[in-house]
Amino acid sequence: MEPYERGRRRRRLNPRFVILCLSAVLLALTVAVITVLIGKSRGLPGEGGPGEELPVPDYVEKDYLPVNQWSRPGEPLEKIRGVVIHYVGNPGTSAQANRNYFASLASGQEEIYASSHFIVGLEGEVLQCIPLAEIAYASNSRNEDTVSVEICHPDEEGRFERASYDRAVELTAWLCWEFSLDPEEDVIRHYDVTGKNCPRYYVEHPQDWEGFRKDVSAALEALLETVQDGA
């Protein structure tokens with residue numbers, strides 16, 4: 001034994017200290033597991049990669065676009081931080097017609113990138129064109145962290161029919177609940193991203209846009225009460 005090691009006393013670990021350390025490790029692991037499980041139960045996108053089927057309300061009909069570079073690239077949407085509201089810009093057209101237009105872009109002949117996660121029709125029907133685990137080509141720089149909702153309208157003014165409006169409010173409230181979003185901050189217009197006049201009526205009538213967000217907030221509160229009552 002070297003001289004400087006002579007006389008060293010071997011320290012014994014305090015059993016209570018060991019137990020506390022193990023308890024802390026177990027607690028951390030438990031929290032991590034619970035976090036993962038909660039994330040999955042809340043439907044966070046990206047859990048299973050592109051094309052993952054996540055639950056949606058019963059009024060939503062899934063009619064996915066074919067995977068292609070122009071309207072459904074299949075790139076994962078790993079985190080949803082907002083909902084972007086659009087109008088289709090094509091008065092009097094149905095949700096199905098707009099969905100079919102997005103699908104037609106797959107040929108590449110028009111060289112246009114465009115799509116949306118959801119399209120709300122004139123009678124309140126909803127088509128889902130792209131899974132919530134994938135990005136849509138709708139909101140420019142916010143494609144990577146938002147869900148897009150296109151809404152049909154009867155004329156050039158761009159104001160939504162009552163059935164379309166009510167369904168858009170209901171769908172947006174559900175998205176806010178599903179992804180823990182604040183309607184007052186996380187529900188935005190295409191205009192708020194790029195300055196484009198979309199959705200036209202709510203760009204030209206900002207007070208009505210605020211009314212839309214307030215209606216979403218009220219619908220979200222009602223949804224939360226329903227969930228709590230059913231728990």
Side-chain angles (χ1 to χ4, degrees), residues 45 56-57 59-61 71 77 79-95 97-99 101-102 113-132 134-223:
V56 292
Y59 55 79
V60 175
E61 178 184 350
S71 57
L77 178 57
K79 180 65 177 178
I80 292 175
R81 295 186 173 88
V83 178
V84 183
I85 302 298
H86 306 253
Y87 84 139
V88 297
N90 195 4
T93 56
S94 66
N98 284 278
R99 181 265 172 208
Y101 168 70
F102 290 146
Y113 296 94
S115 58
S116 182
H117 289 94
F118 298 96
I119 306 174
V120 179
L122 294 170
E123 298 180 358
E125 71 276 21
V126 182
L127 296 181
Q128 183 180 6
C129 302
I130 293 179
L132 288 169
E134 298 178 24
I135 70 167
Y137 284 149
S139 307
N140 303 81
S141 62
R142 295 300 305 274
N143 287 337
E144 63 185 21
D145 69 348
T146 59
V147 173
S148 53
V149 179
E150 292 268 1
I151 305 170
C152 297
H153 47 95
D155 53 40
E156 291 286 349
E157 184 184 27
R159 189 170 189 172
F160 306 144
E161 295 276 32
R162 172 51 61 181
S164 305
Y165 181 93
D166 290 345
R167 187 67 85 191
V169 166
E170 184 179 12
L171 175 62
T172 305
W174 176 80
L175 288 167
C176 287
W177 173 76
E178 185 69 24
F179 300 108
S180 301
L181 304 175
D182 179 357
E184 295 296 327
E185 296 183 3
D186 302 323
V187 176
I188 61 176
R189 303 163 293 184
H190 192 181
Y191 169 82
D192 299 313
V193 180
T194 66
K196 182 178 180 179
N197 195 22
C198 173
R200 173 179 290 177
Y201 183 81
Y202 292 102
V203 173
E204 298 175 354
H205 300 82
Q207 71 279 6
D208 289 333
W209 170 246
E210 291 308 315
F212 177 86
R213 295 208 290 190
K214 290 183 184 303
D215 286 344
V216 172
S217 294
L220 176 59
E221 290 180 7
L223 178 58

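In terms of heavy-atom proximity, Ala173 sits nearest to Ala219 at CB-CB, 3.6 Å. When all heavy atoms of Ser217 and Pro183 are compared, the closest pair comes out as OG-CB, 3.4 Å. The minimum heavy-atom distance between Thr172 and Val187, with the atom names listed, is CG2-CG2, 3.7 Å. Of all the heavy atoms in Leu127 and Arg99, the pair that sits closest is CD1-CB, 4.0 Å. Among all heavy-atom pairs drawn from Gly92 and Leu122, the shortest one is O-CD1, 3.8 Å. Closest heavy-atom contact between Ala95 and Val120: CB-C, 4.4 Å.
The NE2 atom of His117 lies 9.5 Å from the CG atom of Leu175; values are rounded to the nearest 0.5 Å. With rounding to the nearest 0.5 angstrom, the CG atom of Asp155 is 10.0 Å from the CZ atom of Arg200. Considering CD of Glu161 and CG of Asp166, their distance stands at 11.0 Å, rounded to 0.5 Å. Atom CZ of residue Phe118 and atom CG of residue Leu171 lie 5.5 Å apart, to the nearest 0.5 angstrom.
You'll find the side chain of Glu150 stays beyond 4.5 Å of the side chain of Asn98, heavy atoms only. Within the 4.5 Å cutoff, side-chain heavy atoms of Thr93 are placed close to those of Val88. Using a 4.5 Å heavy-atom cutoff, the side chains of Cys198 and Val203 are not in contact. You'll find the side chain of Ile85 reaches within 4.5 Å of the side chain of Ile151, heavy atoms only. Counting heavy atoms from C-beta outward, Leu77 and Leu132 have side chains that stay 4.5 Å or more apart.
Checked by atom type, the side-chain pair Thr194/Asn140 shows no donor-acceptor distance below 3.5 Å. The closest side-chain donor-acceptor pair between His190 and Asn197, if any, does not fall under 3.5 angstrom.
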Please report the C-alpha distance between Leu181 and Val83 in whole Å, then the side-chain angles of each, then the deciding distance to 0.1 Å, and finally whether the side-chain contact (heavy atoms from CB on, under 4.5 Å) criterion is met. CA-CA 9 Å; Leu181 304 175; Val83 178; 3.8 Å; yes
Would His153 and Tyr87 count as a side-chain contact (heavy atoms from CB on, under 4.5 Å) here? Give the steps. CA-CA 7 Å; His153 47 95; Tyr87 84 139; 3.0 Å; yes
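Panel note: side chain His205, backbone Gln207; no donor-acceptor pair is recorded below 3.5 Å. At distances below 3.5 Å, at least one donor-acceptor pair connects side-chain atoms of Ser71 with backbone N or O atoms of Phe102. Side-chain atoms of Ser116 do not come within 3.5 Å of backbone N or O of Ile119 as any donor-acceptor pair. For the pair Gln128 (side chain) and Ile130 (backbone), a donor-acceptor distance under 3.5 Å is present.
Legend: salt bridge (Lys or Arg N to Asp or Glu O under 4.0 Å) pairs involving residues 180-195, not counting sequence neighbours, sorted by first then second residue: Arg189-Asp192.
Residues meeting the side-chain hydrogen bond (donor to acceptor under 3.5 Å, both in side chains) test with Tyr201, sequence neighbours left out: Arg159, Asp208. Residues satisfying the ring pair (Phe, Tyr, Trp, His ring centres under 6.0 Å) test with Tyr59, not counting sequence neighbours, are none. Applying the ring pair (Phe, Tyr, Trp, His ring centres under 6.0 Å) criterion to Tyr101, with sequence neighbours excluded, gives no partner residue. Residues that satisfy the side-chain contact (heavy atoms from CB on, under 4.5 Å) test with Glu221, not counting sequence neighbours, are absent from this structure. For Glu144, there are no side-chain contact (heavy atoms from CB on, under 4.5 Å) partners at least two apart in sequence or on another chain. In this structure Glu170 satisfies the side-chain hydrogen bond (donor to acceptor under 3.5 Å, both in side chains) test together with Arg167, sequence neighbours excluded. Shown here are the side-chain contact (heavy atoms from CB on, under 4.5 Å) partners of Ala222, two or more places apart in sequence or in another chain: there are none. Partners of Glu210 according to the side-chain hydrogen bond (donor to acceptor under 3.5 Å, both in side chains) rule, which considers only residues two or more places apart in sequence or in another chain, are Arg213. Residues passing the ring pair (Phe, Tyr, Trp, His ring centres under 6.0 Å) test with Tyr137, sequence neighbours excluded: Tyr113. For the side-chain contact (heavy atoms from CB on, under 4.5 Å) test, residues two or more places apart in sequence or in another chain that qualify with Ser139 are Val84, His86, Arg142, Asn143, Thr146, Ser148. For Tyr202, the ring pair (Phe, Tyr, Trp, His ring centres under 6.0 Å) partners two or more places apart in sequence, or in a different chain, are Phe160.
Around CZ of Phe212, the count of heavy atoms belonging to other residues, nucleotides or ligands within 6.0 Å exceeds 12. Heavy atoms of other residues, nucleotides or ligands lying less than 6.0 angstrom from CD of Glu157 number more than 12.
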